[in-house]
Structure formats: structure tokens, C-alpha cells
> 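Structure incoming, see below.
Chain A is the first sequence line, chain B the second, and so forth, proteins listed ahead of strands; every chain is numbered from 1. Atom set for the values below is all heavy atoms of this structure, side chains included, hydrogens, waters and symmetry mates excluded.
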Number of protein chains: 2
Amino acid sequence: MHKILILNRNESASDFLGKMLEREGFLQFVASNPETALERIRAIQPQLLIVDLPLEGISGVEMCLQLRAANLNIPTIILGESQDEMDKILLLETGADDYLVKPIGTRELLARIRAILRRTVRNPGLRIRFGDVEIDRERRIVACKGGEVKVTPCEYKLLLFFLQNADRALTRDTILNSVWGYTDYPNTRTVDTHVNKLRNKFEPDPAAPRHFLTVHGVGYRFLM
Amino acid sequence: MHKILILNRNESASDFLGKMLEREGFLQFVASNPETALERIRAIQPQLLIVDLPLEGISGVEMCLQLRAANLNIPTIILGESQDEMDKILLLETGADDYLVKPIGTRELLARIRAILRRTVRNPGLRIRFGDVEIDRERRIVACKGGEVKVTPCEYKLLLFFLQNADRALTRDTILNSVWGYTDYPNTRTVDTHVNKLRNKFEPDPAAPRHFLTVHGVGYRFLM
DNA sequence: TTCAGAATGAGAATCTTATGCATGGGCCTG
DNA sequence: CAGGCCCATGCATAAGATTCTCATTCTGAA
């Protein structure tokens with residue numbers, strides 16, 4: 001979930017914007033002056049800053065320069081009032097990533113937010129977590145309690161399948177079909193073996209599974 | 001010096017734009033249809049793509065989807081004719097990084113180009129380093145522990161591709177597609193062979209790779 | 001002729017799955 | 001409700017299959 005900080009001279013004005021962002025699944029924070037903005041960026045570490053011009057006693061360009069001087073390197077979208085090309089250019093050159101002229105089309109703003117995050121945030125959708133386990137699909141790495149755990153191709157596929165079908169009782173047949181692509185089901189305990197391996201790798205106590213539960217007479221059920 | 005590819009259905013129209021870019025210190029290339037554009041992106045590896053809509057027989061959105069499908073991950077600015085918010089949004093959502101409505105303010109375009117390059121180009125200089133290895137793209141020279149190491153064209157391209165996609169698990173197919181330009185995937189071990197060569201040239205201990213890691217059953221992952 | 005790139009194949013490393021035995025839950029019977 | 005039986009599951013092991021490495025050979029272009 002991405003954090004977005006809105007800088008606006010009167011907080012109420014950013015209320016509408018903030019609501020919209022929350023509706024879209026972002027976490028929004030507010031600052032009403034440059035100083036608190038800088039503080040909060042350091043404290044909260046948002047992925048994006050939206051600056052609603054004009055600010056109190058400081059120009060947008062100065063704000064950008066301060067951000068740069070503070071070495072925060074945070075992606076920034078400016079919402080400005082001026083159609084004047086010169087203003088836009090100055091802001092873009094001093095560090096802003098985008099500039100939109102008010103009145104803002106909310107859907108366009110959203111699209112631009114996403115476009116910027118796509119470039120600057122490392123594929124958030126590709127990370128999944130459960131318990132102490134973190135799966136990074138882009139790197140194809142699984143970590144448990146911060147340390148990398150090696151998983152074989154088969155284990156990896158099975159793990160992803162469990163995550164996709166969390167909290168559902170799955171028969172061995174279903175699993176064999178989806179993960180292995182088998183259409184007929186030999187009397188095998190391959191699934192058991194692999195579940196066992198996943199337990200050993202990811203369950204704090206493999207003898208008392210909390211995530212990879214067995215459903216006696218049926219198969220398995222995975223809990224996040 | 002950054003390379004920019006302009007995609008425009010009639011090349012002459014991009015002449016003005018191209019001249020302007022060259023004046024500003026960019027290297028500009030032109031393509032007049034999507035197919036050659038994709039080819040050239042692979043061949044030239046530009047840092048930015050400017051798409052001047054409309055194209056011949058293909059919509060902007062389709063173009064973006066193709067770029068995405070080809071896994072090229074190239075920053076894209078769209079120059080469009082439509083003021084319609086819906087068009088902008090669609091393009092931004094499908095992968096475009098910015099959308100400008102014609103007529104274009106050249107100075108604003110420039111500022112936006114720079115803003116995007118600032119975020120996407122990792123190394124403003126042409127030198128990249130990892131481990132004991134230093135790559136000088138301007139001179140096309142690779143050095144390891146200070147001494148020059150000869151690399152063949154193929155090895156060089158592969159090396160750069162790894163650097164651009166550091167820390168991501170890459171399938172052989174992806175690599176063959178991006179580095180070799182293959183669209184169908186013969187059952188070949190060409191990639192392995194070349195990775196092997198890179199290991200021998202750049203890994204302190206080729207038997208225990210620290211940079212060119214294999215992801216069993218998938219392909220390879222490069223670590224800086 | 002030379003060199004880079006692509007294909008090949010043998011051997012090594014790694015992964016998959018069958019097997020056997022141990023264990024434990026579920027169900028029947030008394 | 002206890003005891004015992006049966007079957008499902010856990011789990012270690014090893015054989016078998018796959019995938020990877022890398023030296024070598026082949027091919028085509030300069």
C-alpha cells in the first residue's frame with residue numbers, strides 16, 4: 001500500500017483529494033507547510049508527494065529546491081494554477097516529476113500517480129507476504145524472517161498456488177491438476193512430499209502447521 | 001548522451017522535433033511504424049521513446065501494450081491530439097509515462113523529457129560499476145580490477161541487459177528475446193554458454209558466482 | 001584465414017517422485 | 001467410553017528425470 005503526502009496551505013482543501021486517494025487504495029497524509037512536509041517525508045517515507053500550489057510564503061520552485069537540497073529524492077507531482085509555460089518548465093527542471101493545471105481531472109491525476117509509481121516503486125504487486133514469509137515474484141525469491149530460503153521450481157509453483165487459493169480446502173487431484181498439469185491422477189503422494197517440504201521451510205514448527213493445514217481425507221488448506 | 005527514438009507515421013513531421021532534440025544534446029532516431037520501432041529499440045537501446053499520434057493502422061494503446069508485451073520497459077512520452085481525458089488516462093494506464101496535447105510547447109516537452117530521464121536513467125554518466133568491474137559505455141570498454149577485458153559484441157549486449165535488469169529473475173526466453181531478438185525460442189543453450197563466458201571473465205570465482213546467479217528451472221538473475 | 005556466435009554432447013548438479021515404514025486420526029465394536 | 005483396527009498422512013531415502021555447465025565442434029561472416 002503506497003503512502004502519499006499532500007502538501008497544501010489549508011488542509012481542508014486537500015480533503016477531497018485525500019478521500020479520493022484513500023478510495024483508490026492509497027494511504028494519505030497531509031502537511032500544511034514546507035517544514036512539516038519535510039519532517040513527515042523523513043518520518044513516514046511516502047512514495048509520492050503532491051504539492052498543491054500556492055504555498056504560504058514560499059514558491060513552488062523554492063519548495064523543489066529544498067526537497068532536492070534535503071536529498072530526499074521523492075517523486076513529486078505539482079498541482080498549479082498557472083497555465084504559463086514558464087512556471088511549469090521551471091518546476092519540472094528543478095525536480096518536479098509532473099505538473100498539472102487546476103482544475104484537476106481526478107482520473108487523470110490518478111493515472112499520472114500510477115504512471116510515476118510504476119517507474120519509481122519497485123513492483124509492489126509482485127510481493128506477497130504471509131506469516132514471516134515474503135515472496136518476491138520479480139526476483140523469484142522467497143524469504144523467511146528476512147533470510148532467503150531456496151525453493152525448487154516445483155515448491156515455488158505449489159506455494160504460489162496455495163497463495164492464490166488461500167483458505168480453501170484443496171483436494172490432491174485439484175492440486176495435481178493445477179500445479180503439475182496432470183489430467184489423470186496416479187496414486188501418488190507427490191503432493192504430500194512437497195507440502196512437507198514447504199512446511200519444513202516455512203512453518204516455525206513443522207510438526208504443528210499454522211499455514212499448510214491438512215484436511216484429513218481431502219487434501220490441504222492454506223492459511224495466510 | 002541520451003538516445004531518443006521518435007515514432008511518427010511520416011518521418012518528415014518529426015524533423016522539427018528531431019532537430020530540437022539534437023540541439024539540446026540528445027541523439028535522435030526515427031521510426032515510422034511500430035514494427036521498426038520495436039526493432040530499433042532493441043538494437044539502439046534508447047533511453048526514451050516519443051510516440052507522435054496517430055500512427056498508421058494501430059492505436060496508441062495497442063502500441064503501449066506491444067511495448068509492454070515485448071518487455072522493453074522503455075520510458076514513453078505520448079504526443080496526442082485528443083484533449084479527451086479518457087484517452088490520456090488509457091494511455092497512462094497502459095504504460096505511457098507522460099501525455100502531451102498538441103500543439104506541443106517545445107520547452108515544456110524538453111523539461112518533461114529531462115524530468116523522466118532524471119528518474120529512469122540510473123547512471124547519468126556512461127560509467128557503470130559492479131564488483132571489480134567497470135563498464136565505459138562511451139568507449140565500449142569493460143575493465144576488471146583496472147585491467148581491460150575484451151568482450152565480444154554478444155557478451156557486451158548481454159552484460160548491459162543484465163545491468164539494466166539487475167536483481168530480476170530473467171527467463172532464457174526473455175533474454176533471447178531482448179538480447180538476441182529471437183521471437184521463437186529454439187531449444188538452445190546459447191544463453192548458458194554466454195553467461196558462462198561472462199562468469200569466466202568477471203566472476204572472481206566462476207565456480208561460485210556472486211553476480212551471475214542461476215535460478216534453477218527459470219533462467220538467471222544478475223546482482224550488482 | 002580468423003574470429004565470433006551457435007550448436008552439441010558428456011558429465012555434474014539439482015530436482016522430482018516412488019517407496020517403505022512410522023505415526024496418528026477416525027471409526028467401529030464391545 | 002475404551003480398545004483396536006484400518007487407512008490417510010508424515011517423512012526419510014534413493015532411484016530416476018531434468019536441468020545446468022562447459023569444453024568442443026561447427027558455421028558463417030569479415
> Treating primed atoms plus P, OP1 and OP2 as sugar-phosphate and everything else as base, which nucleotides of nucleotides 9-23 of chain D get B, S or - for protein heavy atoms under 4.0 Å?
BBB-------SSBB-
> Pick base, sugar-phosphate or nothing for His194(A), based on heavy-atom distances below 4.0 Å to the nucleic acid.
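It contacts base atoms.
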> Could you go through nucleotides 26-30 of chain D and list every protein N or O atom that sits under 3.5 Å from one of its N or O atoms, giving the distance for each pair?
none

> I want to check a possible cation-pi pair here: Arg140(A) against Tyr156(A), using under 6.0 Å from ring centre and within 45° of the ring axis as the test.
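Yes, a cation-pi geometry.
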> For Trp180(B) and His194(B), take the angle between the two ring planes, folded into 0 to 90°, and tell me which bin it lands in: parallel under 30, tilted 30 to 60, perpendicular over 60.
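Trp180(B) vs His194(B) ring planes: perpendicular.
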> Could you give the CG-to-P distance, from Leu198(B) to dA4(C), as a whole number of Å?
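These atoms are roughly 14 Å apart.
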> For the ring pair His211(A) and Phe202(A), is the centre-to-centre distance below 6.0 Å?
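Centroid distance His211(A)-Phe202(A): not below 6.0 Å, so no.
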> Write down the atom of Ile77(B), the atom of Ile116(B), and the distance for their closest heavy-atom approach.
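Ile77(B) and Ile116(B) have their closest heavy atoms at CG1-CD1, 3.6 Å.
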> For Asp136(A) and Arg139(A), run salt bridge (charged side-chain N to carboxylate O under 4.0 Å, His left out): C-alpha distance rounded to whole Å, both residues' side-chain angles, the deciding distance at 0.1 Å, then the answer.
CA-CA 6 Å; Asp136(A) 184 331; Arg139(A) 299 196 289 164; 3.0 Å; yes
> With DNA chain C as reference, determine whether Pro153(A) or Thr190(B) sits nearer its 5' end, using the nearest nucleotide of each.
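Comparing both residues, the 5'-ward one is Thr190(B).
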> Just how far, in rounded Å, is P of dT17(C) from CG of Leu158(A)?
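Those two atoms, CG and P, are 11 Å apart.
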> Rounded to the nearest Å, what distance is computed from the OH atom of residue Tyr182(A) to the P atom of nucleotide dT16(C)?
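Value for this atom pair: 11 Å.
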> Out of Arg114(A), Arg112(A), Arg119(A), which one pairs with Asp98(A) under the salt bridge (Lys or Arg N to Asp or Glu O under 4.0 Å) rule?
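One option only clears the test, and that one is Arg112(A).
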> Rounded to the nearest angstrom, tell me the gap between atom NZ in Lys157(A) and atom C1' in dC15(C).
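So the NZ-C1' distance, Lys157(A) to dC15(C), works out to 13 Å.
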> When you measure from the centre of the six-membered ring of Phe29(B), is the NZ or CZ of Arg40(B) closer than 6.0 Å and no more than 45° off the axis?
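No, Arg40(B) does not sit over the ring of Phe29(B).
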> Look at the side-chain N and O atoms of Trp180(B) and state whether any lies under 4.0 Å from the OP1 or OP2 oxygen of dG5(C).
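Indeed not, no polar side-chain atom of Trp180(B) lies that close.
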> Where do Asn73(A) and Arg118(B) land on the side chain to side chain donor-acceptor pair (under 3.5 Å) test, with the steps shown first?
CA-CA 11 Å; Asn73(A) 195 35; Arg118(B) 201 163 53 220; over 6 Å; no
